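Step one of this worksheet: look at the structure below.
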Amino acid sequence: MDNREMAQVFEKIADLLAIKGESVYRINAYRRAAGALNELGQDVEDLWREGKLRQIPGVGEAIAGKIDELLRTGKLEFYEKLTRQVPETLLEVLRVEDVGPKRAAHFWKELGITTVDELEAAARAGKLRELPGMGERSEARILESIAALRRRQTERVPIGRAWPVAESFLERLRAVPGVTAAEAAGSLRRWRETVGDLDLIAGSNDPPPAIEAFLATPGIRRVRSRGETKVSVEMEDGLRVQLWIHPPERFGSALQYATGSKAHNVRLRELALDRGLSLSEHGFRREDGSEILCKEEEAVYAELGLPWIPPELREDQGEIRTALAGRLPRLVRMGDLKGEFHAHSDWTDGACSLREMAEGACRAGLQYLAITDHSRSLGVANGLTIERLQEQRRAVEALQEELGTRLRLLHGAEVEILADGSLDYPDEILAELDLVIAALHSSLRQTQARVTERLLAAIHNPHVDMIAHPTGRMISSREGANLDMEVVLKAAAEAGVVLEINAHPERLDLSDVHARRAIALGCLLAINSDAHRPEHLAYRRYGVGVARRAWAPAERVINTWDFDRVMDWLQSRG
DNA sequence: GCCGTTTTCGGCCCGACTGTTTTCAGTCG
């Protein structure tokens, strides 16, 4: 049982306890433990073997005991007992918007409803409106929510789709007279790999025109709620977008609050309470009731004796302690990236010529670009035979002649790690390349032992400089290989092989959690677009988001290095 | 159920919006 599966068990326990009407604090304890497991960065089973479960924040005696039982037996008697008391299918009912634990319990106990289908039938039959606290409108609202739930393909949307939608709203809002600022908040601003919905904050003393502009944005299916200062809509594809409008003098407090994460904000509130202040989206309130307004987010942190903390770190993963100690890293920024190490051309499955890719890199302000087309075994991508690879090298050299010093080209390849762990080109061919990226594209479903062994073999090949998208996952569609990541990261650190953060928004592989662990273990990282056309170079911003969430200092990301330093490094590898 | 430079018990964030209510409960973030 991996961390994610175990976290899901604890999330379910929390929901079932909520339906039972248990103490919210007990419920939250399970949610916190689930969150901690998701953010752990290493296999919980390793900590378990070392007897270190209690070191996980939010895991005490009781939950440690449950983790132990789950790992020993694969089952949990406590969970099974709960599901005998509360039907497990009610968890599905909770996913309906506007139905929380209280209503779910109510519907179940009064009407025997245990599934979404039964809830829908009851609503259509006009039975919900008869319950106390319910009425016709609540019933209609629940029917709408059920329809919206069925339209939504997935609960969370990849960040690569979310940002462009957010930007279309923000652009309109910023053009409204009286709007002093408009920013994305929530998990989008923290650059999580997927977001549940979009949270936007605007500063204005005159909300109505801002709300009008917001509602005039194309693609809205329906308005979910609309108040004086807050409005919420659902897009055609089910994505939810909400806007809060605050007076400009409170914009910083509002943005800080809405950016979260919840756990981060709870910690900040504790710090505020220590200072006799209470903190909310409206700002600080002193004990005498007077207010401290924060126009800028920096002021919120300054009031608590903290430097501004980058949103990507706000996950309650030690950022506040580190900030108090003045030890926050100088995180890598988009503007730090000087080169791209992973790009394709029409020699394989790219859409554009070498020259078009090079021009794109120049427009993106890059100093250097590595052409790394696919190797011969990747037939679907028209992988390069040795002859074509060598022909391509001459073409790259010719293009370099033309480009002069505008852009430095590297000739490399994205070389298949074959099912037996060997590489797709012989060593003497690899030795001719400026840069060798090894990658898994096939046989991802092998056992953990086998697929890990393949990757280790690649890492130990002296010609391999970098590993592309280590797990091969696709966020919306495919689980990655079941790697023993701890072993892989340690081997990469030891061999000096760079691990890619593939910036394609469907990959983001390494993930934030694994990248952070990689940094802790001493690995070097690269942020690569894996561009198949020049516009894909813009994906790098998503990779930067992942790297920042991993606490990556610029120094550890080799794209921040000058071309000369990159060449020195490659030569030192032989 | 967890946690501790306010330690082993007593805290654990808080406001907007909606709908059903004449003052509040539920949900959400």
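Remember, predicted model here, so these are calculated numbers, not experimental data.
Taking atom P in both dT18(B) and dC13(B), the straight-line distance is 26 Å, to the nearest Å. When the C1' atom is compared between dT27(B) and dT20(B), the two are found 14 Å apart, to the nearest whole Å. When the C1' atom is compared between dC14(B) and dC9(B), the two are found 25 Å apart, to the nearest whole Å. Between dG26(B) and dT21(B), the two C1' atoms lie 12 Å apart (nearest whole Å). Comparing dG11(B) with dT6(B), their C1' atoms sit 11 Å apart, to the nearest whole Å. Comparing the same atom, C1', in dT8(B) and in dC2(B) gives a spacing of 12 Å after rounding to whole Å.
Between K230(A) atom NZ and dT27(B) atom P there is a gap of 15 Å when expressed in whole angstrom units. Protein atom NE2 of H246(A) is 12 Å distant from nucleotide atom C1' of dC14(B), rounded to whole Å. For the pair R129(A) CZ and dT21(B) C1', the interatomic distance rounds to 18 Å; values are reported in whole Å. The nearest whole Å value for the distance from the CD atom in Q256(A) to the C1' atom in dC14(B) is 14 Å. Between the CG atom of L128(A) and the P atom of dG19(B) there is a distance of 15 Å, given to the nearest Å.
Counting any heavy atom pair closer than 4.0 Å across all strands shown, Y30(A) reaches sugar-phosphate atoms only and no base atom. T229(A) comes within 4.0 angstrom of sugar-phosphate atoms only, judged by non-hydrogen atoms across all strands, and of no base. The residue N28(A) sits apart from the nucleic acid: no heavy atom pair falls under 4.0 Å.
Geometrically, K66(A) does not engage F10(A) in a cation-pi contact defined by less than 6.0 Å to the ring centre and at most 45° from the axis. Relative to the ring axis of W551(A), R516(A) places its NZ or CZ within 45° and under 6.0 Å from the centre.
Taking a cutoff of 4.0 Å between a charged side-chain nitrogen and a carboxylate oxygen, R226(A) and E212(A) qualify as a salt bridge. Using a 4.0 Å cut-off between a side-chain N of Lys or Arg and a carboxylate O of Asp or Glu, E319(A) and R314(A) do not qualify as a salt bridge.
For D197(A), whose side chain is taken as the heavy atoms from C-beta onward, the closest listed nucleotide among dC13(B), dA16(B), dG29(B) is dG29(B). Of the candidates dG19(B), dG1(B), dG29(B), the closest approach to any side-chain atom of I63(A) belongs to dG1(B). Considering only the side chain of K102(A), dG26(B) comes nearest among dG26(B), dA16(B), dC13(B). The side chain of S138(A) has dG19(B) as its nearest neighbour among dG19(B), dC17(B), dG29(B). You'll find that the side chain of Y25(A) is closest to dG1(B), out of dG19(B), dG1(B), dG29(B). Closest contact between the side chain of S278(A) and the listed nucleotides dC14(B), dG15(B), dG1(B) involves dC14(B). Distances from the side chain of R32(A) to the nucleotides dG19(B), dG1(B), dC14(B) place dG1(B) closest. Closest contact between the side chain of E97(A) and the listed nucleotides dG26(B), dC28(B), dC2(B) involves dC28(B). Here the side chain of P101(A) is nearest to one of dT27(B), dG19(B), dG15(B), namely dT27(B). For R26(A), the listed nucleotide lying nearest its side chain is dG1(B); candidates were dC13(B), dG1(B), dA16(B).
Glycosidic conformation, dT6(B): anti, with the torsion outside 90° of 0.
The aromatic rings of F78(A) and Y30(A) sit parallel to each other, their planes meeting at less than 30°, with 60° as the upper class boundary.
Here K66(A) reaches the OP1 or OP2 of dG1(B): one of its side-chain N or O atoms lies under 4.0 Å away.
Under the Watson-Crick and G-U wobble criteria, each requiring two contacts below 3.5 Å, nucleotide dT8(B) is left unpaired.
Between H246(A) and F251(A), the distance from one ring center to the other does not fall under 6.0 angstrom.
Among E486(A), Q42(A), M485(A), the single residue meeting the side chain to side chain contact (heavy atoms under 4.5 Å, CB included) criterion with H514(A) is M485(A).
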